[in-house]
Amino acid sequence: MSAPAAEAPVTTARSGGPAQGPRTGRRKPKSSFRRRVSTWDRRYSPYLYISPFFILFAVVGLFPLVYTAWVATHDWDLIMGQGEFIGAENFLHVLGERAFWVSLRNTLSIFVLSSAPQVVAAILIAYLLDYNLRAKTFWRMGVLVPYVVTPVAVALIFSNLFGDRFGLVNSVLETIGIDAIGWHSDTLPSHLAIATMVNFRWIGYNALIFLAAMQAVPRDLYEAAEIDGAGKVRQFISVTIPNLRPTIIFVIITSTIGGLQIFDEPRMFDQYGRGGTDGQWQTMTMYLYELGWTRSDFGQASAVAVLLFLLIVAIGLVNFIITRRISSSEVKR
Amino acid sequence: MSALEEKPLPIIPRTGPATATKDDDPDGRRGSGSGAGSRRRAGRRRSRGPGRGPGWIVYGCLAAVILGGMFPLWWSFLIGSHDSTILSRDSFPILPGGNFFANAAAVIDTVPFWRATMNSVIVSTVTGVSVVFFSTLAGYAFAKLRFRGAVPLLVFVIATMAVPTQLGVVPLYQVMARLGWTGELQAVIVPGLVTAFGVFWMTQYLRQAIPDELIEAATVDGCSMIRTFWHVALPAAKPAAAMLFLFTFVLNWTNFFWPFIVLGPQNPTLPVALQQLQAAHFVDYSLVLAGATMATVPLLILFIFAGRQLVSGIMQGAVKQ
């Protein structure tokens, strides 16, 4: 489709290339106007090309993010619109609500329950995929299937599996002599169920990311380790893991950003979408939604958004430092 | 394209996409082990961690992982194909029942299912095409054109990937309300027209996919900048563009939070319609899970045809970090 330009041989300016394409203007001596247009073209086109991203980001990304801070310091109403400046009042009100602290606890709990097993399981699956498998593509595609299922569907399915009365999980538990668990009534079980949904969807995806990183580990390192008498497990701990360090940091940081904003799965865990009778699994984003769109208080909703943003930044930093320290000490050993 | 394919690329990056695309070839696994062969493979970044042929345990574990991943989907179909009393019976079904189409009809009656499917197709396709086009445009500029401020601007683009823009929902909603777009598809489409990830992805790819001489040649021949982009960059971007399209498509198809906030019940996307289904029929799990199955099948079909690209796309994206 692009034959003329792609095949254009390296010709000098005026030697007259192959007479193809509609570039007839070349024959005539360039007018100064044409030359000026061409200079402008060269100088400003790059900015034109990158501008869609920057304009769109400014309007739908940066502006809302910055403006959130403005909204958070004002009295707002869904119908009345902006009220007066009230400083930290929204923040104080939110921080004074029990629901905020419950949602903070839930968010952190679900985040830890999902991200930690997720990273471990993904690395182990990646290790299996890293063997010289027959029909590689089949196995890789197989582990990725859950990724294309919309989280809302995932939540509906698992909500059924974890049903308190007629759920499959409780039936299996009862068959082997364990009491039914109140997945929709107790706090920790509900967090476990929601974390399971998150893990279901993301383990395969992360496994492929780790697989890519594992394949980049130089084979010589394994050979050297083997000569030194290291077994498989030892090689995995002392060679594979330290070499995965940047990827582990990357996966943890992306899952922090996504995990702390979790909304879809807990929202759909029961039909009311309020996070349980007593907010057992109401997350911060759900709380934000409730403040803004159920209670019509955009100011308080924005205050939660600002607090959530600070939390994400803080945990991102902590993650980064811890991961760095752990893996660098492993390298030294 | 022909010129591009025939001559070897001048720069072969260590971790660039072009090398990684060939990841799925069977890379001589049979003759592995012997000294010279494995050393050559190591040099080509073909290193295999655990090495050697896997035993049945490895295959068994992987099969278990995949079956575990499929089970919830199978369960969804299983319950969705029975009537609503199935869950309260003593034993669980093992085989699908004959009620799926009746349930599907009820789903279509309860929520605007076709409209939601149509909306999801529109949103995912439009954002997919747009992200590919604008990202290629910006990626080409960052990768191949020289202009003042290119480096800091690219750093800025990458930095925005770490910013959770979802937290700006309150003002964004106000913007949409002011424009009168709430309940309209453009409220979902416009914010997704171009992404930082897409720009970064294309920059990385085009940097090594287009030889500089090609652009110089086009320039010397008097090609305008946009012609050069159209005839050199766009064709060269095809493989990366296909993956970026798939990513964007899946992302928008599965997205819930923002469409849920900004679209009303009249004009939902599929996930929003599913949410309505549950709110309307909380007891009738057969109906709800039939709906979940119906919303999943289209993307599963796409995945069967394009999953290979998606897999290699994810793996490439990872290596470049």
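Per chain, numbering begins at 1; letters A, B, ... match sequence-line order.
- Of the two parts of B/Thr136, neither the backbone nor the side chain holds a non-hydrogen atom closer than 4.5 Å to a non-hydrogen atom of chain A.
- Looking at B/Ala196, the atoms closer than 4.5 Å to chain A (heavy atoms on both sides) sit in the backbone and in the side chain alike.
- Counting heavy-atom pairs closer than 4.5 Å to chain B, the top residue among A/Val37, A/Ile257, A/Leu288 is A/Ile257.
- Within the 4.5 Å cutoff, no side-chain heavy atoms of B/Ile226 are placed close to those of A/Leu48.
- Note on B/Val65, B/Ile66, B/Thr165: by heavy-atom pairs under 4.5 Å with chain A, the leading option is B/Ile66.
- For chain A, the option among B/Gly68, B/Gly198, B/Gly69 with the highest count of heavy-atom pairs below 4.5 Å is B/Gly69.
- For the set B/Ile57, B/Ile304, B/Leu153, the entry with the most heavy-atom pairs within less than 4.5 Å of chain A is B/Leu153.
- For a residue to count as touching a neighbouring chain, one of its non-hydrogen atoms must lie under 4.5 Å from one of that chain's; by this rule B/Phe71 touches chain A with the side chain only.
- Heavy atoms closer than 4.5 Å to chain B are found nowhere in A/Ser51, neither backbone nor side chain.
- Using a 4.5 Å cut-off between heavy atoms, B/Val170 contacts chain A through both its backbone and its side chain.
- Both the backbone and the side chain of A/Pro52 come within contact range of chain B, each with at least one heavy atom under 4.5 Å from a heavy atom of that chain.
- For a residue to count as touching a neighbouring chain, one of its non-hydrogen atoms must lie under 4.5 Å from one of that chain's; by this rule A/Phe263 touches chain B with the side chain only.
- Using a 4.5 Å cut-off between heavy atoms, B/Ala63 touches chain A through backbone and side chain atoms alike.
- Interface remark: A/Leu168 contributes backbone and side-chain atoms alike to the contact with chain B (heavy atom separation under 4.5 Å).
- Heavy atoms of A/Phe158 lying under 4.5 Å from chain B belong exclusively to its side chain.
- Here the side chains of A/Tyr289 and B/Phe260 are in contact, with some heavy-atom distance below 4.5 Å.
- Of the atoms belonging to B/Thr296, it is side-chain heavy atoms, and not backbone ones, that fall under 4.5 Å from chain A.
- Listed options B/Leu289, B/Thr195, B/Leu300, B/Thr293 were ranked by heavy-atom pairs under 4.5 angstrom with chain A; first place goes to B/Leu289.
- No other option in B/Trp253, B/Phe142, B/Phe134, B/Trp75 has as many heavy-atom pairs under 4.5 Å with chain A as B/Trp75.
- In the displayed structure, A/Phe166 atom CZ is contacted under 6.0 Å by more than 12 heavy atoms of other residues, nucleotides or ligands.
- With a 4.5 Å cut-off on non-hydrogen atoms, B/Leu172 touches chain A through its backbone and its side chain both.
- Interface remark: A/Arg201 contributes side-chain atoms only to the contact with chain B (heavy atom separation under 4.5 Å).
- Using the six-membered ring where Trp is involved, B/Phe156 and A/Phe57 have ring planes that are perpendicular, over 60° apart on the 30 and 60° scheme.
- Taking the six-membered ring where the residue is Trp, B/Tyr173 and A/Trp293 present perpendicular rings, their angle passing 60° and hence far from 30°.
- A 4.5 Å side-chain heavy-atom check between B/Met176 and B/Trp258 finds at least one atom pair inside the cut-off.
- Between A/Ile157 and A/Asn160, every side-chain heavy-atom pair lies at or beyond the 4.5 Å cut-off.
- Contact of B/Val157 with chain A is made through backbone and side chain together, with heavy-atom distances under 4.5 Å.
- Among the candidates B/Pro72, B/Ala292, B/Ser76, the residue making the largest number of heavy-atom pairs closer than 4.5 Å to chain A is B/Pro72.
- One N or O on the side chain of A/Tyr47 and one on the backbone of B/Arg148 form a donor-acceptor pair closer than 3.5 Å.
- Using modelled atom types and a 3.5 Å distance limit, the side chains of A/Tyr67 and A/Ser302 yield no donor-acceptor pair.
- Counting heavy-atom pairs under 4.5 Å between each of A/Leu65, A/Thr68, A/Val148 and chain B puts A/Val148 at the top.
- Using a 30° and 60° split on the angle between ring planes, B/Phe229 and B/Tyr140 fall in the tilted class, from 30° to 60°.
- Taking the six-membered ring for Trp and thresholds of 30 and 60 degrees, A/Tyr131 and A/Tyr127 have ring planes more than 60 degrees apart, a perpendicular arrangement.
- Of all heavy-atom pairs spanning B/Ile210 and B/Ala236, the tightest one is CG1-CB, 3.9 Å.
- Contact of B/Leu193 with chain A is made through backbone and side chain together, with heavy-atom distances under 4.5 Å.
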